[in-house]
Amino acid sequence: MAGKKASGSAVVRHELKENLQAGDTILEMKNIVKKFDGVTAVDGVSFSMKKGEIVAIIGPSGSGKSTLLRSINGLENITDGEIDLYGTTGMVFQHFNLFPHMTCLGNITYAPIKVNGVKKADIEKRAEELLELVGLVDKRDVYPGQISGGQKQRIAIARALAMDPDLMLFDEPTSALDPEITGTVLSVMQKLAEQDMSMIIVTHEMQFARNVADRVLFMNKGKIVEEGTPEEIFGNPKSERLRDFLKAVTSR
Amino acid sequence: MISDFISSFITEFTDLMDYVGILMPTLLAGAWVMVQLFCWTLLLSLPLGLPIALGSNVRFWPIRAFCRFYVFVFRGTPLLLQLYFFYFLLPIQFDIRLPALTTSIITFVLNYAAYFAEIYRGGINGIDRGQYEAAKALGLSKMQTMVGIVLPQTMKIILPPVSNEAIVLVKDTALASAIGLGELMKASKGAVNRDVDPTAYFVVAVIYLMFTFILTLASNRLEKRFKRYDERAVS
Ligand SMILES: Nc1ncnc2c1ncn2[C@@H]1O[C@H](COP(=O)(O)OP(=O)(O)O)[C@@H](O)[C@H]1O
Ligand SMILES: [Mg+2]
């Protein structure tokens, strides 16, 4: 089933709910361009991924990683190109963006109730499973202002998962956290990986990318400069730019 | 000697209390008018400010221009001038004759809605962009985002300036005496002029203070309620 093509425009987004099998294409991006008056943040990026795949995007800051990720779920309107998305997305932000006026449970259940019309009792049961998954059952009735950054991010993951997304988008989920607590968030993401969740992860955690990603994209100046398995990208970088980047991040 | 002083003091004090007792019915009637003006103004201008605030931010420019012009005019001219304006405009231009209280309420509502709109707008603009993004990423509609995410958080931000305006409103009600509304100010002025005795002004000052004091207490309580989800832990 193909989505309608908007006439005269190269920008097409399909959000098709299908019963995808592992191995089916879940996302295809063709020649994505995003310009912010004057600045070209994404400059002709094409890539596709299969259901169950885990893609890590690395690259220096300002290279267009966030913009690319945000164009997938419509937070940015692309200037040109085509996005075929077969399913729904959930997103996890660098700064969590939890709703401070709701308890952790409220954060998780609000969208399913309002958007999907799920019954409160049903979603609360599901929310408790999700709290279990992220290891924060005891924070159920606590407000986000009363928990640590790492806990906030895990609640944010649970909140995104409550909408049963087909594809999870992570935009530097651990960058705002103290180094000693990033592990708690990464281990939740590790669990998702083991459950074959499709994920795109923008990250500076090279070790994590190496361990969980099926594929790594290296972006620079709005373009994908190099793409490959973690072994290829980290073990045998071809471009000078990637070698320099890896040297810079590992020496930090 | 001392007993003379005490007895004369007691006489003077009881005289004073008698006089205040005589004043009281007039002043309380004035206070009742003031309370009506105050309550109606708050009751109507608090909600009216919201569409004006939202309208000031919409993309459709005619609505945006109208709302901003409205705020510009009502905040940019004296309330007293607006009172005179409506007091004369309505009967002369439109042949609408209204009691002074109604005219005062209309003017105060239009004026305070402009102030509240600006407070709301500031509050709404103070909400982090990430909140809108999270809502959008979760599939919430614009309406759901506004009602469920943005406005509840705005409440906490706007509460202090809104209660401040409410206290200003208590004092602003005195302006309505200029168009003949028999509120506290007018009642006390009448008594002072008649008796050539400033006591009524003291009594009225105490009444105003009582109102602002009650409002301060109420707003402190409200603020405390909204504080419950304050950021306490560090990330
Ligand atoms: N909303 C925006 N308005 C203008 N420029 C932007 C905006 N968002 C991103 N940019 C610019 O686009 C480029 C890519 O940004 P971004 O996608 O955030 O990079 P990264 O996530 O890789 O650090 C940068 O030059 C940035 O300044
Ligand atoms: Mg970024």
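Chain identifiers are assigned alphabetically (A, B, ...) following the order of the sequence lines, protein sequences preceding nucleic acid strands; residue numbering begins at 1 within each chain. It should be emphasised that the depicted structure is a prediction, and the values quoted were computed from it without experimental measurement. No hydrogens, no waters, no symmetry mates; every other heavy atom, side chains included, goes into these values.
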Scanning both residues in full, the closest heavy-atom pair of A:Pro100 with B:Gln131 reads CD-OE1, 3.5 Å
Should we say atom CZ of A:Phe208 is surrounded by more than 12 heavy atoms from elsewhere, each under 6.0 Å from it? yes
A:His101 (side chain) donor-acceptor with B:Gly148 (main chain) under 3.5 angstrom: yes
Measure the CE-NZ distance between B:Met143 and A:Lys114 for me, rounded to the nearest 0.5 Å. 11.0 Å
Given side chains that start at C-beta, do those of A:Met102 and B:Pro152 come closer than 4.5 Å, heavy atoms only? no
Between atom CD1 of B:Ile149 and atom CG of A:Asn97, what is the distance when rounded to the nearest 0.5 Å? 11.0 Å
Can you establish whether the number of heavy atoms outside A:Lys191 located under 6.0 Å from its atom NZ is more than 12? yes
So for atom CD, which belongs to A:Gln190, do other residues, nucleotides or ligands contribute more than 12 heavy atoms lying within a distance under 6.0 Å? yes
Indicate the atoms forming the closest heavy-atom contact of B:Ala137 with A:Phe93, along with that distance. CB-CZ, 4.0 Å
Are more than 12 heavy atoms from other residues, nucleotides or ligands located less than 6.0 Å from atom CZ of A:Phe36? yes
Is there side-chain contact between A:Val115 and B:Gln144, with heavy atoms separated by less than 4.5 Å? yes
Mind listing the closest non-hydrogen atom pair of A:Met163 and B:Leu138 along with its distance? CE-O, 3.2 Å
Which atom of A:Phe99 lies closest to which atom of B:Ala134, heavy atoms considered: CE2-CB, 4.0 Å
Report which part of A:Leu98 has an atom under 4.5 Å of a heavy atom belonging to chain B: side chain, backbone, both, or neither. backbone
Taking side chain as everything from C-beta outward and backbone as N, CA, C, O, which of these in A:Arg159 sits under 4.5 Å from a heavy atom of chain B? Side chain, backbone, both or neither. both
Option passing side chain to side chain contact (heavy atoms under 4.5 Å, CB included) with B:Glu133 (candidates A:Met91, A:His95, A:Arg70): A:Arg70
OH of B:Tyr201: more than 12 outside heavy atoms within 6.0 angstrom? yes
